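Written out below as structure tokens is the structure these notes cover.
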Amino acid sequence: MQQPNEKDKLVAERQAMIRTQLKKRDITDPAVLKAMADVPRENFTPNEYLDQVYYDGPLSIGYGQTISQPYIVALMTQELKIDKNCDVLEIGTGSGYQTAIIAKLAKEVFTIERIEPLSLKAQQTLKELNITNVKFLIGDGTCGWHENKKFDRIIITAAAARMPKPLLDQLKIGGIAVVPLGAEYLQELVTIEKTDSGLKTKSVCGCRFVRLIGKFGYPE
Ligand code: SAH
């Protein structure tokens, strides 16, 4: 448990993160900035990193996985253009931090994680924060959500060589996906808009994510 003055310190650090890492870059969407202000990143990071919670980069969450850099979380969320009518599919729950940010903006989040203990921990963290519009699934997210369902938005928080076909099929016409695509150690963050006349892709920036492992991703 954090001491009262520790809590104040973390709130101040979160405010500083929003000023220096987000607003000074290109995060301008007020709803995204509010979600980033409302979700305590300290609840999603291991206790040994309490002094680095608002560090401008990813942190280890165990099992060879990371909680993403706050800026990347905000940027991917901003690119998704989420509103309260959106059902969002997320592949790679990890710590649940990105899940929580999206849940603040969307109607419902459907999130898949292949590493069971990470999903269980994320489920507990979101419960503690009273975030209830999230459905969790443990398994291979490259195969899509298990029910025959279409999504307004899809976010993949692990890197693939290409967009897995089952996920593209589960994106609605008019929907947007944000995904890191490219080689194993360096990727391009890409947005894919599904229109009546096909796919419109846009490159956002360079990025580096852990591997998307599964049937339509990298082998184990
Ligand atoms: N957004 C998360 C990032 C976690 S790292 C956070 O900020 O905490 C990416 C996650 O994707 C890892 O937890 C990894 O286990 C998971 N992952 C990789 N391949 C997957 C797959 N095929 N299905 C579901 N999850 C996958």
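Since we're looking at a predicted model, the values are computed, not measured. All ligand and atom numbering here is 1-based and tracks the order in the structure.
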Atom pairs, nitrogen or oxygen, ligand 1 to protein, under 3.5 angstrom:
from	atom 1	to	atom 2	distance (Å)
ligand 1	1 (N)	Thr157	OG1	3.4
ligand 1	7 (O)	Ser68	N	3.1
ligand 1	8 (O)	Ser95	N	2.9
ligand 1	8 (O)	Ser95	OG	2.6
ligand 1	13 (O)	Glu113	OE1	2.7
ligand 1	13 (O)	Glu113	OE2	3.3
ligand 1	15 (O)	Glu113	OE2	2.6
ligand 1	19 (N)	Ile213	N	2.9
ligand 1	22 (N)	Asp140	OD1	2.9
ligand 1	22 (N)	Ile213	O	2.6
ligand 1	23 (N)	Gly141	N	2.8
ligand 1	25 (N)	Arg114	N	3.3

When you look at Ser203 and Glu188, which way does the side-chain hydrogen bond (donor to acceptor under 3.5 Å, both in side chains) test go after all the steps?
CA-CA 7 Å; Ser203 178; Glu188 216 38 58; 2.4 Å; yes

What residues, two or more places apart in sequence or in another chain, satisfy side-chain hydrogen bond (donor to acceptor under 3.5 Å, both in side chains) together with Glu116?
none

Is the shortest side-chain N to carboxylate O distance from Glu220 to Arg114 below 4.0 Å?
yes

Could you tell me whether Lys107 and Asp152 make a salt bridge, using a distance below 4.0 angstrom between a side-chain N and a carboxylate O?
no

Can we say Lys202 and Glu193 salt-bridge, meaning some charged N sits less than 4.0 Å from an Asp/Glu carboxylate O?
no

First locate atom NZ of Lys135, then atom CD of Glu108, and finally report the distance between them rounded to the nearest 0.5 Å.
3.5 Å

